[in-house]
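Input: a single structure, listed below in structure tokens.
Because only heavy atoms are used, hydrogens play no part in the values below, and waters and symmetry mates are left out as well, while side chains stay in. Start at 1 with the first residue, then count along the sequence.
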Amino acid sequence: MSPPIDPRQLRRLLSAVLAVVLASTLAALLRPTPAAAASGDLILNGTFDNGSTQPWWTRLASTSTTVNAGQLRVRTSATVGKPVWEDLVGHFEFGVTAAQRYRLQFDATADVSRSLRVSVSRADTPFTSAVDQSVALTSTMRRFTFDFVSPFGDPKAVLLFHFGGQAASTVRLDNISLTPLAVDPATDPILYWNGVLLDAFKGTELPPTTLSRHAAILHAATHDAAVSVTGVGNPYRVRVPVSYPGTMDDVVAPSLHAAIDKAAYVVLAALLPARRPAFDDAYDTAATRRPSGVNSAEVTRGETVGAAAAAANLQARANDGSDNTGGYQLDGVDGSWRPTDGMPAVSPRWGLLPPFALTSGSQFRPGLPAGARDYEDLLGKDEYRDQVAEIRDVGGRSSSLRTTEQTEIAFFWANDLPVTYRPPGQLFAHTQIVAKQRNLGILANARLFGLVALALADAAIAAWDAKYLTGIDLWRPESAIGNGWKPLSQDTNGVSFSPAFPAYISGHATFAGAWSAVMKRFFGTDAIAFDATTDDPHAQGVVRRMTGFDHAAEENALSRIYLGVHYRFDADAGLATGRSVGAYVYANLLRP
């Protein structure tokens with residue numbers, strides 16, 4: 001490790017060098033470089049075909065650069081025992097964007113075997129690197145390629161070749177390029193960990209309430225990790241301070257991938273400890289998906305940021321009452337919910353949880369079904385009787401009035417069974433489909449999935465507030481119709497069932513409304529068509545074409561009628577409540 005250097009000296013050093021090269025750089029910028037412009041290459045004169053060394057500059061007067069046979073020839077003096085940054089050849093004045101993928105590529109050879117360090121650094125914090133790698137040079141010209149995601153944005157970044165700490169030598173460089181890469185969903189850590197989350201949902205007996213909470217903590221933490229590393233956007237819970245201690249030899253920025261990976265892993269391992277071995281494997285796989293330009297120091301610093309983001313979000317929800325299942329006292333009158341399959345009431349106190357964004361679970365509480373005052377008033381209303389008749393006709397196991405498409409819709413949106421990713425999971429899966437279709441980058445996905453997750457979590461709290469904490473805990477159609485009538489809804493053995501919580505309002509519809517409200521605000525339009533998929537075993541391989549987010553939400557809500565587990569006012573009130581929740585979350589959280 002080299003002795004520390006005063007950061008002020010670094011700034012004076014780079015300022016002096018910059019002053020020397022500005023004139024020549026400007027001249028080079030004004031020269032036509034059609035090859036670079038056509039390819040998107042940020043490096044001016046990286047092929048040296050014009051015979052000029054501009055805009056490349058050197059740190060030491062004893063180091064010379066000439067162009068020979070279309071290559072940059074760098075002759076260095078001996079700097080043995082001095083730090084690698086003692087002697088530099090560099091290129092100033094190009095911009096990099098936070099979270100953008102880049103490819104750094106160059107050819108290099110030397111007359112003696114030696115090492116060469118290359119970095120892309122920011123100008124305002126000298127030698128803080130987005131990529132920092134060392135390569136071994138031999139007498140054979142070799143091509144070196146490093147992919148990286150910039151953890152910061154800088155309109156005046158610098159590409160540096162570090163020649164210090166070596167004996168005198170002659171190095172040849174050619175075909176130097178730095179090019180932005182297109183979005184690749186396969187390398188996006190937000191999409192990856194959302195997929196890990198959905199896999200974890202399968203096979204658990206946890207209700208959609210708990211699953212939505214888990215998802216919100218996960219995506220809030222990964223969002224905060226991304227914001228902390230890049231400085232772009234506003235965090236949900238915490239902006240982890242990112243400092244750059246050390247010397248010019250080890251000042252690197254945190255890896256964005258490592259920060260997101262660590263945040264996701266810590267949250268999942270804490271919330272679902274029984275599945276930790278699977279998360280260990282997922283984390284190992286995530287490490288193999290990082291860009292080739294990430295070094296160990298960047299990973300370590302990224303992991304520190306990610307762990308802190310996870311800890312802050314976990315701690316914020318540590319005592320939120322989610323583990324208080326409580327007892328549920330049946331109202332015991334006609335119209336009130338009662339178990340239909342011997343299952344106790346699920347999450348009866350969930351509506352009391354502190355929301356992630358809302359002021360309370362009752363903030364958007366709908367009126368009682370059909371505008372009723374109480375159970376007796378509801379059962380006497382024509383609207384209630386008409387809706388019971390509708391469910392009896394189209395939602396029954398043996399209905400002859402339900403169409404083939406309605407049956408498909410019913411099962412397509414069901415995902416109630418533990419073998420599926422459940423209702424929140426389906427909406428995340430659809431978010432993935434649209435995000436990939438629209439070529440979103442890491443930061444956009446971090447914000448989008450954060451908004452969707454927080455909206456779904458508050459949708460659960462709002463829906464369960466209406467289910468349990470109002471004057472009517474409405475019975476399921478199965479109880480209302482009686483006489484052996486069974487809903488179309490069924491488990492993997494074909495046994496009909498109704499979810500074990502009150503009908504009003506529909507959780508599916510509330511989730512769907514919140515999701516659609518966030519999606520159309522995020523993308524600025526509802527008119528984005530996509531092919532929706534499902535995980536329900538009764539709709540294997542079914543794909544439905546959605547013309548927009550509202551179309552998907554409304555079909556989702558209606559599916560509960562065709563499945564025989566909800567009334568129409570459950571669906572309508574759920575959609576309205578969810579849309580209010582989603583609009584509120586979007587307006588108040590994760591602002592860009």
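In terms of heavy-atom proximity, Ser498 sits nearest to Arg476 at CB-CG, 4.0 Å. Pro354 and Ile461 get closest at one heavy-atom pair: O-CD1, 3.9 Å. What you find for Leu256 and Ala226 is that their closest heavy atoms are CD1-CA, 3.7 Å. Between Tyr192 and Ala282, the shortest heavy-atom contact is OH-O, 2.6 Å. In terms of heavy atoms, Tyr567 sits closest to Ala480 at OH-CB, 3.4 Å. Taking every heavy atom of both residues into account, Leu469 and Pro348 meet most closely at CD2-O, 4.5 Å.
Using a 4.5 Å heavy-atom threshold, the side chains of Arg101 and Asp184 count as touching. Leu271 has its side chain within reach of Leu314: a pair of non-hydrogen atoms, C-beta onward, lies under 4.5 Å apart. Here the side chains of Leu451 and Arg521 are not in contact, with every heavy-atom distance at 4.5 Å or above. Side-chain contact between Ser336 and Tyr375 is present, with heavy atoms from C-beta onward closer than 4.5 Å. Between Ile190 and Thr222, some side-chain heavy-atom pair lies under the 4.5 Å cut-off. By the 4.5 Å heavy-atom criterion applied to side chains, Tyr584 and Val581 are not counted as neighbours. Val333 places none of its side-chain heavy atoms less than 4.5 Å from the side chain of Trp475. In this structure the side chain of Pro369 reaches within 4.5 angstrom of the side chain of Ile472, judged on heavy atoms.
Ser399 places no side-chain N or O within 3.5 Å of a backbone atom of Gly396 that could act as its donor or acceptor partner. Checking side-chain atoms of Thr534 against main-chain N and O of Phe412 turns up a donor-acceptor pair under 3.5 Å. Between the side chain of His538 and the backbone N or O of Gly494, no donor-acceptor pair lies under 3.5 Å. A donor-acceptor pair is defined here as one N or O able to donate and one able to accept, closer than 3.5 Å; such a pair exists between the side chain of Lys467 and the backbone of Ile505. Gln315 places no side-chain N or O within donor-acceptor distance of the main-chain N or O of Ala311, the cut-off being under 3.5 Å. Not a single donor-acceptor pair under 3.5 Å links the side chain of His223 to the backbone N or O of Leu448. Side chain of Asp570 to backbone of His566: no donor-acceptor contact under 3.5 angstrom is found. Panel note: side chain Ser506, backbone Ala571; no donor-acceptor pair is recorded below 3.5 Å. In terms of modelled atom types and a separation under 3.5 Å, the side chain of Asp531 and the main chain of Val543 share no donor-acceptor contact. Panel note: side chain Asn439, backbone Val183; no donor-acceptor pair is recorded below 3.5 Å.
Remark: Arg422 does not engage Glu205 in a salt bridge, criterion side-chain N to carboxylate O under 4.0 Å. Note on Lys381 versus Glu376: no salt bridge recorded, every NZ/NE/NH1/NH2 to OD/OE distance being 4.0 Å or above. The existence of a salt bridge linking Glu408 and Arg544 is confirmed by a sub-4.0 Å separation between a basic side-chain nitrogen and an acidic carboxylate oxygen. With respect to Arg338 and Asp331, no salt bridge is recorded, no charged nitrogen being found less than 4.0 Å from a carboxylate O. With respect to the salt-bridge test (charged N to carboxylate O, under 4.0 angstrom), the residues Asp550 and Lys520 qualify. Classification of Asp224 and Arg237 as a salt-bridged pair fails, no side-chain N sitting under 4.0 Å from a carboxylate O.
Taking the six-membered ring for Trp and the full ring otherwise, the centers of Phe501 and Trp337 sit at least 6.0 Å from each other. In summary, the aromatic rings of His551 and Phe530 are positioned with their centroids too far apart to meet the 6.0 Å limit.
Summarising the geometry, atom CZ belonging to Phe364 is positioned 12.5 Å from atom OG1 belonging to Thr510; distances are rounded to the nearest 0.5 Å. Once rounded to the nearest 0.5 Å, the distance linking CG of Leu368 with CG of Asp374 reads 9.0 Å. Interatomic distance, Ser212 OG to Trp350 CH2, rounded to the nearest 0.5 Å: 6.0 Å. Taking CZ of Phe523 as the start and CZ of Arg438 as the end, the distance is 6.5 Å to the nearest 0.5 Å. Of the inter-residue distances, the one linking Thr285 atom OG1 with Asp261 atom CG reads 10.5 Å to the nearest 0.5 angstrom. Taking CG from Asn556 and CE from Met546, the interatomic distance works out to 9.5 Å, rounded to the nearest 0.5 Å.
Checked by atom type, the side-chain pair Asp188/Asn445 shows a donor-acceptor distance below 3.5 Å. Defined by atom type and a distance below 3.5 Å, a donor-acceptor pair is missing between the side-chain atoms of Gln426 and Asp535. Looking at Trp515 and Thr431, their side chains do bring a donor and an acceptor atom within 3.5 Å of each other. Side chains of Tyr283 and Arg276: a donor-acceptor N/O pair is absent below 3.5 angstrom, by distance only. For Arg239 and Ser228, the side-chain atoms include no donor-acceptor pair closer than 3.5 Å. Between the side chains of Tyr265 and Asp280, a donor-acceptor pair is found at a separation under 3.5 Å. Side-chain contact of Arg365 with Ser360: a donor-acceptor pair under 3.5 Å is absent, judged by distance alone. No side-chain donor-acceptor contact under 3.5 Å links Gln490 and Ser496. Side-chain contact annotation: Ser322 with Asp320, donor-acceptor N/O pair under 3.5 Å present.
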Step-by-step side-chain contact (heavy atoms from CB on, under 4.5 Å) determination, Asp284 to Phe279: CA-CA 9 Å; Asp284 290 342; Phe279 300 143; over 6 Å; no

CA sep, side-chain torsions, deciding dist, call: Glu554, Arg560, salt bridge (charged side-chain N to carboxylate O under 4.0 Å, His left out): CA-CA 11 Å; Glu554 288 158 9; Arg560 308 304 282 172; over 6 Å; no

Working for side-chain contact (heavy atoms from CB on, under 4.5 Å), residues Phe497 and Leu417: CA-CA 10 Å; Phe497 74 96; Leu417 303 176; 3.7 Å; yes

Check against side-chain contact (heavy atoms from CB on, under 4.5 Å), Lys262 and Val266: CA-CA 6 Å; Lys262 191 68 170 184; Val266 170; 4.2 Å; yes

Test side-chain contact (heavy atoms from CB on, under 4.5 Å) applied to Val149 and Gln100, step by step: CA-CA 5 Å; Val149 172; Gln100 169 66 48; over 6 Å; no

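Test Tyr421, Trp413, Phe511, Phe449 against His430 for ring pair (Phe, Tyr, Trp, His ring centres under 6.0 Å) and you get one pass: Trp413.
Residue-environment remark: CD (Gln437) exceeds the threshold of 12 foreign heavy atoms within 6.0 Å. Heavy-atom neighbours of Arg591 CZ from other residues, nucleotides or ligands within 6.0 Å: above the threshold of 12. By the neighbour-count criterion of 12 heavy atoms within 6.0 Å, atom CG of Asn319 is sparsely surrounded, having that number or fewer from other residues, nucleotides or ligands.
In this pair, Tyr468 and Tyr328 present their aromatic rings perpendicular. The plane angle is above 60°, beyond the 30 to 60° band.
Relative to the six-membered ring of Phe356, Arg317 meets both conditions, a distance below 6.0 Å and an angle of at most 45° to the axis.
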